[in-house]
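First the structure, in the form of structure tokens, and then the observations on it.
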Amino acid sequence: MSGQADPAMARLTGRRVAVGVTGSIAAYKSVELVRLLQTEGADVRVLMTPAATAFIGTLTLETLSRHPVDTDVLALQADGRIGHISAAHDVEVIVVAPATAHWLGAMANGLASDSITAACLATDVPVVVAPAMDGGMYSHPATQANVARLREFGYTIVEPGEGFLASGMTGRGRLADLPQIVDAVVQAIAAAVSSAAPSGAAADSAPGAPTSSTRSDLAGRHIVISAGGTTESIDPVRFIGNRSSGKMGIAIARDALDRGASVTLILGHVSVDPPAGAHIVRTETATEMQAALRALTPPEGPTFDVLIMAAAVADFRPRTVAPKKLPRTADLTIELEPTPDLLAETAERVRVGTAASGLRRPILVGFAAETGSLDRAPEKLRAKGVDLLVANDVAEPGSGFGTDTNRVTIYATDMSPQALPLLTKREVAELLLDRVVVRLAATEPATEPATEPAAEPATEPATEPGAERARAGA
Ligand code: PMT
């Protein structure tokens, strides 16, 4: 499972991998393949041909991957995007394992009759293919010609092994050993990264290393990010504060700037430098942060496209602030009062402002600092009125306050929670902004050019004809 990834050893940390499963008896091995990829730190989503679902249930792979499984080339996702097109654009590698003789033939001829061939046609990311079938089928000239054609496309073929087949015979057709397939995925991403990197930069960009966006998918967007902790005075000397360093919010700001956004960074108390290029608004208290947010959400409508509240805002403050330093006494009782909920208030101002102005509603993202369990996160998502809520268990080693890493689960009103492995805060930022980009595209007015290439209308049959069930090799 993704949560078991050892970040020191993982080679696919933060990488987005699609696993395509076709109709072979070896489909059952895809469960273990998903787990192995997650153990390497990958965020895995699964595409299946209809025939594959005869061998293995979607529920198993949905539960493991924590993403809906795409089985229908005609299906739309909850956000309105076409499943195979979003897979084609959201992942960094596609691995088809097992790949049947039928699928190899369809792919070699560009027949997009299932989600996997459609995604492979629509993408420019590396594709790794691990065939599995009966030995006679694999050695047939038709299959060999199809495999050769896929190699011409630049696909990596992980040759099947020799051994006992589901047909009861022995021969070359067994799905390659899973670690071999995982190695091929790692190598395919490494090759893609180093060919995309400017010369000399490849070593910094190996799989598992912090990724840095080269995209400009936030160009023209104004993103407001809060970071750090607010402080509430007790007297002129003392205050109530929290352990936030600002690293999480500042990592998001850096990634947003790299992706072309204009960034307003509302800072509380932080222990790291903010990035050059961001417009910085310094605040001390929840009241000052509230004023900064209100200035950005006037009654005429919000001035930003995205708000991400990573700041740890004080929930309570002293009801009165002593004008002079309090003397040392045996006991001191301080009466606290709640601070306003800045995020919920801003979400409401945004709702009212956009309704009045007709402006597009910005994407709102909250964070949730929890200890021990994330059980309260769904209710926070609702109560704050946000699109996404990034929950972290701040009691977990390596997560939360002051650390360079974080393990988060992303909640949304329209999808099941997505648990990410332990990642650097920069990697969390990148994966979070990927999801924000998708949502921004989904709220584009129909008259504006889409940010994604338009999907072809899927006019081809939705089902995979004739799966090779009886003779498929395991
Ligand atoms: O800064 P780092 O050291 O890198 O640590 C990162 C972090 C742990 C601070 C960050 O990952 C995080 O969890 N930030 C949210 C902290 C928090 O205040 O959580 P909360 O569950 O109490 O609040 C939920 C949301 O409401 C947050 O988006 C918060 O900004 C917001 N809030 C909270 C209280 C309040 N009065 N007004 C708010 O707007």
Side-chain angles (χ1 to χ4, degrees), residues 3 7 210 224-255 265-275 278 280-290 292-293 307-318 321 326 332 334-344 365-377 380-381 383-384 386 388-411 419-429 432:
V224 176
I225 300 161
S226 71
T230 59
T231 52
E232 304 295 337
S233 293
I234 298 170
D235 65 16
V237 176
R238 306 173 183 102
F239 61 84
I240 296 173
N242 60 62
R243 300 176 196 283
S244 176
S245 63
K247 287 181 181 178
M248 187 66 252
I250 285 173
I252 300 168
R254 286 189 191 286
D255 199 53
L265 195 45
I266 304 177
L267 294 181
H269 182 265
V270 294
S271 56
V272 288
D273 290 333
I280 308 293
V281 181
R282 301 254 177 203
T283 64
E284 287 274 333
T285 62
T287 305
E288 288 178 19
M289 198 171 272
Q290 181 182 42
L293 285 164
L307 169 67
I308 302 178
M309 282 289 285
V313 184
D315 284 312
F316 299 96
R317 64 186 165 209
V321 180
L326 292 168
L332 175 67
I334 301 172
E335 196 182 340
L336 302 178
E337 64 177 10
T339 56
D341 187 328
L342 309 190
L343 183 51
V365 182
F367 270 68
E370 304 295 332
T371 50
S373 140
L374 303 183
D375 288 353
R376 297 192 315 165
K380 266 191 193 174
L381 171 75
K384 303 274 178 184
V386 291
L388 297 173
L389 187 83
V390 184
N392 41 201
D393 181 347
V394 295
E396 185 183 304
S399 274
F401 295 114
T403 54
D404 292 322
T405 52
N406 207 2
R407 192 159 79 87
V408 307
T409 298
I410 303 179
Y411 291 80
L420 302 183
L422 187 67
L423 300 170
T424 65
K425 284 185 172 166
R426 180 60 188 257
E427 289 166 334
V428 171
L432 173 62

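Reckoned from all heavy atoms, side chains included, excluding hydrogens, waters and symmetry mates. Quick note: residue numbers are just sequence positions, from 1.
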D235 side chain to L326 backbone, donor-acceptor under 3.5 Å: yes

Heavy-atom pair of closest approach, residues G241 and T231: CA-CG2, 4.4 Å

Nearest-0.5 Å distance that lies between atom OG1 in T287 and atom CD in E232: 6.0 Å

Reported CE-to-CD1 distance for the pair M248 and I308, which is rounded to 0.5 angstrom: 9.0 Å

Closest non-hydrogen atom pair between L389 and A368, with its separation: CD2-CB, 3.8 Å

Spacing of CZ belonging to R376 relative to CD belonging to E370, to within rounding of 0.5 Å: 4.5 Å

Any donor-acceptor N/O pair, T371 side chain to A395 backbone, under 3.5 Å: no

E284 atom CD, neighbour heavy-atom count above 12 within 6.0 Å: no

Side-chain donor or acceptor of K425 paired with backbone N/O of T403 under 3.5 Å: yes

Check: V386 and V365 side chains under 4.5 Å, non-hydrogen atoms: no

CA sep, side-chain torsions, deciding dist, call: R282, L267, side chain to side chain contact (heavy atoms under 4.5 Å, CB included): CA-CA 5 Å; R282 301 254 177 203; L267 294 181; 3.7 Å; yes

Non-hydrogen atoms of P275 and L265 that approach each other most closely: CD-CD2, 3.7 Å

Within-4.5 Å side-chain heavy-atom neighbours: P318 and I334: yes

Distance, nearest 0.5 Å, that separates CD1 of I266 from CG of L307: 7.0 Å

T405 side-chain N/O to G398 backbone N/O, donor-acceptor pair under 3.5 Å: yes

Under 3.5 Å: donor-acceptor pair, side chain of S233, backbone of P236: no

Cationic N near anionic O, under 4.0 Å, R407 to D393: no

Non-hydrogen atoms of I410 and L420 that approach each other most closely: CD1-CD1, 4.1 Å

Heavy-atom closest contact (A312 atom, N242 atom, distance): O-ND2, 3.0 Å

Donor-acceptor contact below 3.5 Å, side chain N406 vs main chain G400: yes

Where A227 and I250 come nearest, the two heavy atoms and their spacing: CB-N, 4.1 Å

Distance, nearest 0.5 Å, that separates CG of L342 from OG1 of T230: 8.0 Å

Pairwise distance CZ(R317) to CD1(I240) - rounded to 0.5 angstrom: 11.0 Å

